[in-house]
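Single-structure report; data block below.
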Amino acid sequence: MNIYNTLSRKIEKFIPNEEGKVKMYTCGPTVYHYAHIGNLRNYIMEDILEKSLNYLGYKVDRVMNITDVGHLSSDSDSGEDKMLKGAKREKKSVLEIADFYTEAFFKDCQKLNIKKPDKVVKATSCIDEYIKIIEGLLKKEYAYISNGNVYFDTTKLNDYYVLTNHKEDEMVVGVRNGVEEDQNKKNQADFVLWFTKSKFEDQELKWNSPWGLGYPGWHIECSGIALKYLGEYLDIHCGGVDNIFPHHTNEIAQSESYLGHKWCNYWVHNEHLNDKTGKMSKSKGEFLTISLLEEKGINPLAYRYFCLQSHYRKTLLFTFEALEKAQNTYNKLKNKIANLKIDNNEQLEENIIEKYKEQFKKAIENDMNTSLMLTTLYDVLKENTNNKTKIKIIEILDEVLSLDLLKKEKIDQELLLKINELIEKRNIAKQNKNYEEADKIRNELEKMHVIIKDTREKTIFEIR
Ligand code: AMP
Ligand code: ZN
């Protein structure tokens with residue numbers, strides 16, 4: 001597989017440390033609110049990556065964290081603590097907030113056919129691990145204590161900005177939004193590993209540590225969890241592009257300084273979903289969630305399809321028109337597949353199956369080109385072969401795409417009765433030449449996503 005590596009800024013051939021096995025770490029959600037559909041684009045792409053690696057025959061060992069402590073909106077002792085902010089907003093405890101939004105997150109994932117990673121680890125469950133790493137960093141003098149907090153000393157590294165072309169002077173206070181000067185730091189770029197003194201004196205979750213009662217910085221959590229559950233060598237680390245700096249840059253700094261060797265070989269970053277005003281974010285008041293899409297009659301899997309139409313390294317512009325267009329295309333595709341009727345005498349054409357498995361593999365190997373993966377599907381539908389073969393291929397491809405392409409929607413009996421009743425009423429109206437009434441009923445059915453067609457024998461319908 002060829003994949004773009006942020007570390008080398010090149011598309012590279014993917015070679016895992018251990019043949020046939022992939023150790024993959026993906027940064028998880030901060031559970032202080034619902035995920036917005038931009039966040040979910042990131043998890044859809046990571047899901048496709050994991051399933052693509054499985055398709056290529058790799059065994060993937062994947063870990064994801066749940067940030068339920070100490071994610072500040074900036075990385076010095078500044079910004080706001082997101083978990084605390086969520087708890088205050090809803091007048092609940094931090095842990096109640098974390099539990100509620102963790103569950104909500106996985107419900108959204110389920111609707112989008114995003115597989116839950118094998119290991120999902122709460123940040124609050126690995127405090128001992130962070131303490132161990134911080135002690136190691138202090139011993140090696142990569143870290144220092146200042147006014148009760150422990151900081152990582154970025155000047156101890158030859159190249160701190162391995163993932164970016166960041167210049168330190170670009171980070172001067174006031175230039176980057178939300179950066180306030182932290183007087184305790186020796187250098188501008190240093191970051192907190194452990195807080196005992198912070199402006200958030202009302203922090204609910206605190207633990208004993210060699211440096212006093214306190215809590216971990218945000219970055220140490222991912223290093224700690226990855227090292228604990230995946231060992232000293234990682235193959236792939238993923239996240240959204242906004243994680244490149246400072247989060248992933250800091251993860252590399254602290255992990256490699258602690259370990260004394262290179263930690264992760266491939267850094268894969270997903271571009272953002274933007275709306276017309278720019279990057280989607282939760283601080284902008286009302287934000288787009290999966291439930292909101294559903295309320296507007298959009299199937300979450302149509303959103304998955306919408307994401308797959310574009311490449312993970314391109315920003316994707318969200319509009320309702322574009323999403324509705326994707327939903328129509330998705331529905332048409334599902335209908336085409338639903339109309340593939342199998343004749344029992346049909347035999348599977350193995351050479352055709354192999355041909356499309358290969359075509360799909362090439363799309364994956366081409367820097368995970370999801371739109372080419374979708375093209376393969378359309379090519380299958382056009383292929384000159386029997387329906388049994390087509391369905392078999394679609395089943396194989398859908399293991400990666402996860403668009404429920406072969407799942408027949410269960411029609412609720414009550415809905416069926418209602419549809420038949422309306423069709424009957426419309427036929428009577430037509431017989432009575434009351435075309436206005438007949439059109440009104442047709443519109444009513446359309447609002448229910450029911451499309452009717454008059455054939456010579458009877459009126460048939462389709463649910464879209
Ligand atoms: P958070 O819960 O804020 O830590 O974000 C979860 C994930 O969503 C991170 O990997 C972010 O990089 C990613 N993310 C945040 N905003 C967007 C966006 N507008 N589009 C795509 N991914 C995003
Ligand atoms: Zn992380």
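These figures come from a predicted structure and were not determined experimentally. Atoms within a ligand are numbered from 1 in the order they appear, just like the ligands themselves.
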### Message
If you apply the rule side chain to side chain donor-acceptor pair (under 3.5 Å), what do you find for Tyr160 with Asn250, and how did you get there?
### Response
CA-CA 8 Å; Tyr160 164 61; Asn250 291 351; 2.3 Å; yes

### Message
Using a 3.5 Å distance criterion without hydrogens, assess whether the side chain of Lys92 forms a donor-acceptor pair with backbone atoms of Ile97.
### Response
no

#### Entry: Test item: Tyr55 side-chain N/O and Lys357 main-chain N/O as donor-acceptor pair under 3.5 Å
yes

Pairs of donor and acceptor atoms involving the side chains of residues 101-109, under 3.5 Å and at least two apart or interchain, shall be tabulated with distances.
unit_1	atom_1	unit_2	atom_2	d
Tyr101	OH	Glu90	OE1	3.3
Tyr101	OH	Glu90	OE2	2.4
Thr102	OG1	Ala98	O	2.5

### Query
Would you call Pro29 a ligand 1 contact, heavy-atom distance under 4.0 Å?
yes

#### Entry: Positive for side chain to side chain donor-acceptor pair (under 3.5 Å) with Tyr144, one of Asn184, Asp153, Asp190
Asp190

### Query
So between Trp218, Tyr101, Tyr43, whose heavy atom ends up nearest atom 6 (C) of ligand 1?
Tyr43

### Task
Decide if atom NZ of Lys132 counts as having more than 12 heavy atoms of other residues, nucleotides or ligands within a radius under 6.0 Å.
no

### Query
Taking His311 for the side chain and Arg313 for the main chain, is one N or O donor matched with an acceptor at less than 3.5 Å?
yes

#### Entry: Sub-4.0 Å atoms of ligand 1 with respect to non-hydrogen atoms of Asn243
9 (C), 10 (O), 12 (O)

### Summary
Closest to atom 22 (N) of ligand 1 by heavy-atom distance, out of Gly38, Ala35, Gly240, is Gly38

### Message
As an exercise, identify every atom of ligand 1 less than 4.0 angstrom from a heavy atom of Leu273.
### Response
18 (C), 19 (N), 20 (N), 21 (C)

### Numbered atoms and elements of ligand 1 in range of Lys82, under 4.0 angstrom, heavy atoms
3 (O)

### Message
So, regarding Asn39 and ligand 1 (criterion: nitrogen or oxygen to nitrogen or oxygen, under 3.5 Å), is there a contact or not?
### Response
yes

### Query
Taking the Zn ion (ligand 2) as the vertex, what is the angle from SG of Cys27 to NE2 of His247, given to 10 degrees?
120°

### Query
Counting each atom of ligand 1 from 1 as listed, which ones have a heavy atom of His36 under 4.0 Å away?
16 (N), 17 (C), 18 (C), 19 (N)

### Message
the Zn ion (ligand 2) and His248: any N/O/S contact shorter than 2.8 Å?
### Response
no

### Query
For the side chain to side chain donor-acceptor pair (under 3.5 Å) test, which of Gln254, His247, His248 pairs with His219?
His247

### Task
Identify which of Leu288, Asn42, Asp242 has a heavy atom lying nearest to atom 11 (C) of ligand 1.
Asp242

### Message
Looking at the Zn ion (ligand 2), is there an N, O or S atom belonging to His219 that lies under 2.8 Å away from it?
### Response
no

